[in-house]
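Scroll down for the structure; my scribbles are underneath it.
We're numbering straight along the sequence, starting at 1. The analysis underlying the following values was restricted to heavy atoms, covering all of them including side chains, and did not include hydrogens, waters or symmetry mates.
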Amino acid sequence: MRYDLVIFDNDGVLVDSEPLSNTILAGYLTELGHPTTYEESLRDYMGGAVHRIHDTIRERTGKPLPDDFDETFHARVFAAFERELNAVDGVTDVLGELAAHGVPYCVASSGSHERIRVGHRKTGLDRWFAPDIVFSAQDVGRGKPAPDLFLHAAERMGAAPERCVVVEDSPLGIQAARAAGMAVHAFTAMSGPDRLPGADGYFDAMAGLPALVL
């Protein structure tokens with residue numbers, strides 16, 4: 001077995017949520033007086049926890065976001081998820097192949113536990129991810145690019161970091177995996193390899209992942 005544990009990012013890797021959530025985020029920030037395009041939202045926030053949004057806006061403007069920012073943003077995102085969210089094409093086939101080979105896997109996401117649950121319930125991925133293999137930046141305090149979340153997931157799953165491989169689609173996630181001492185493969189469906197430096201391997205369709213991790 002090549003690895004003892006496969007750690008999946010969630011947004012953009014398991015569920016096709018990045019276009020939805022970043023469209024909503026860009027619109028909401030613009031509404032609040034912080035003009036932001038969809039492309040800028042992807043560049044600045046994709047793969048990060050919600051505190052990154054607060055930190056970035058405060059650094060740039062010296063002003064905090066409203067106290068109810070998280071609540072309003074998440075409500076809008078969850079409503080969009082219920083209407084439109086789908087699993088990433090081919091990901092259930094990959095999960096089935098890992099299970100068939102007896103390879104442990106888990107999810108480690110910058111999103112909240114509620115966000116993960118809503119997305120998995122809507123897409124049917126909840127049958128593949130029991131609560132004890134779901135990890136969120138909420139569990140550790142510091143989100144990606146800090147390594148804390150991946151190290152926490154490995155510890156809870158009983159795997160040494162050097163025996164883990166991370167599946168990511170954002171620069172922040174790749175940085176976090178590297179900082180954790182883990183291998184990392186980049187899913188390039190949204191961002192090309194040139195925007196995801198530092199990965200061990202690249203694949204643009206889920207059908208290509210088993211060859212990299214098994």
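Listed by first and then second residue, the salt bridge (charged side-chain N to carboxylate O under 4.0 Å, His left out) pairs involving residues 21-50 are E31-R76, D44-R60 (not counting sequence neighbours).
Residues I116 and F129 are not in side-chain contact: their nearest non-hydrogen atoms beyond the backbone lie 4.5 Å or more apart. N10 is listed as a side-chain neighbour of V15, based on a closest heavy-atom distance under 4.5 Å. Side-chain contact between R2 and V213 is absent, with no heavy-atom pair separated by less than 4.5 Å. Residues Y28 and T23 are not in side-chain contact: their nearest non-hydrogen atoms beyond the backbone lie 4.5 Å or more apart. No side-chain heavy atom of F187 sits less than 4.5 Å from a side-chain heavy atom of D204. Residues V167 and F203 meet the side-chain proximity criterion, which asks for heavy atoms closer than 4.5 Å. Side-chain atoms of M157 and D4, non-hydrogen and from C-beta on, never get closer than 4.5 Å to each other. The shortest side-chain heavy-atom distance between V88 and V13 does not fall under the 4.5 Å cut-off.
With T30 contributing its side chain and A26 its backbone, the two residues share a donor-acceptor pair below 3.5 Å. Of the possible polar contacts, one joining the Q138 side chain to the H113 backbone as a donor-acceptor pair under 3.5 Å is found. T36 contributes a side-chain N or O that, together with a main-chain N or O of H34, makes up a donor-acceptor pair within less than 3.5 Å.
Note on M46 and F8: separate hydrophobic clusters, where clusters join Ile, Leu, Val, Met, Phe, Trp and Tyr whose side-chain heavy atoms are under 4.5 Å apart, directly or indirectly. At a threshold of 4.5 Å between side-chain heavy atoms, the hydrophobic network of Ile, Leu, Val, Met, Phe, Trp and Tyr places M190 and V184 in two separate groups. Linking ILVMFWY side-chain heavy atoms closer than 4.5 Å, directly or via other members, places L5 and L149 in a single hydrophobic cluster. A continuous path of hydrophobic side-chain contacts links I133 to V165 [ILVMFWY only; heavy atoms under 4.5 Å]. V134 and L95 fall within the same hydrophobic cluster, where Ile, Leu, Val, Met, Phe, Trp and Tyr residues are linked whenever their side-chain heavy atoms come under 4.5 Å apart, directly or through other members.
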Handout entry: Evaluation steps, side-chain contact (heavy atoms from CB on, under 4.5 Å), between I57 and L29
Key = CA-CA 9 Å; I57 294 299; L29 288 175; 4.3 Å; yes
Problem - E82 vs R121, salt bridge (charged side-chain N to carboxylate O under 4.0 Å, His left out): CA-CA, chis, key distance, verdict - result: CA-CA 9 Å; E82 294 291 355; R121 185 174 64 246; 3.7 Å; yes
Exercise for the section: Would you sort out whether R115 and S136 count as a side-chain hydrogen bond (donor to acceptor under 3.5 Å, both in side chains), showing the intermediate values? Expected result: CA-CA 10 Å; R115 179 184 174 118; S136 161; over 6 Å; no
Practice task
Please step through side-chain contact (heavy atoms from CB on, under 4.5 Å) for the pair D93 and M206, ending with a clear verdict.
Solution key: CA-CA 8 Å; D93 293 334; M206 277 294 158; over 6 Å; no
Exercise for the section: Show your working on side-chain contact (heavy atoms from CB on, under 4.5 Å) between H74 and V118 and close with a plain yes or no. Expected result: CA-CA 11 Å; H74 288 141; V118 169; over 6 Å; no
Practice task
Begin from the C-alpha positions of D139 and R156 and carry the test side-chain contact (heavy atoms from CB on, under 4.5 Å) through to its verdict.
Solution key: CA-CA 11 Å; D139 302 331; R156 289 289 299 274; over 6 Å; no
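Between E155 atom CD and C164 atom SG the span is 11.5 Å, to the nearest 0.5 Å. Taking CG of L125 as the reference point, atom NE2 of H120 lies at 5.0 Å (rounded to 0.5 Å). Here CG of D70 is found 11.0 Å from NE2 of H51. Values are rounded to the nearest 0.5 Å.
If you look at F135 and F150, their ring centroids are not closer than 6.0 Å.
With sequence neighbours excluded, the residues that form a side chain to side chain contact (heavy atoms under 4.5 Å, CB included) with A186 are I174, L196, A199, Y202. Partners of S110 by side chain to side chain contact (heavy atoms under 4.5 Å, CB included), not counting sequence neighbours, listed by chain and number: A49, K144.
Aromatic ring pairs are classed by plane angle as parallel below 30°, tilted from 30° to 60° and perpendicular above 60°; the pair F81 and F78 is tilted. Between H54 and F69, the two ring planes are perpendicular [angle over 60°; tilted spans 30° to 60°]. A perpendicular orientation is assigned to the rings of H185 and Y3, their planes being inclined by more than 60° (bins at 30° and 60°).
Listed here is the closest heavy atom pair of R58 and P64: NH2-CB, 3.3 Å. Taking all atoms of both residues into account, the shortest heavy-atom contact from D9 to S109 is OD1-CA, 4.3 Å. Nearest heavy atoms, G119 versus L85: CA-CD2, 3.5 Å. Across all non-hydrogen atoms, the minimal contact from D200 to R178 is OD1-NH2, 2.9 Å. Of all the heavy atoms in P210 and A207, the pair that sits closest is CD-O, 3.5 Å. Taking all atoms of both residues into account, the shortest heavy-atom contact from A154 to M182 is CB-CE, 3.8 Å.
Counted by atom type alone, D11 and S17 present one or more donor-acceptor pairs between their side chains at under 3.5 Å.
The residues R195 and D169 are annotated as not salt-bridged, no charged nitrogen and carboxylate oxygen being separated by less than 4.0 angstrom. Of the charged side-chain nitrogens involved, at least one lies within less than 4.0 Å of a carboxylate oxygen, so that D148 and R142 count as a salt-bridged pair.
Counting heavy atoms of neighbouring residues, nucleotides and ligands inside a 6.0 Å radius, atom CG of D194 exceeds 12 of them.
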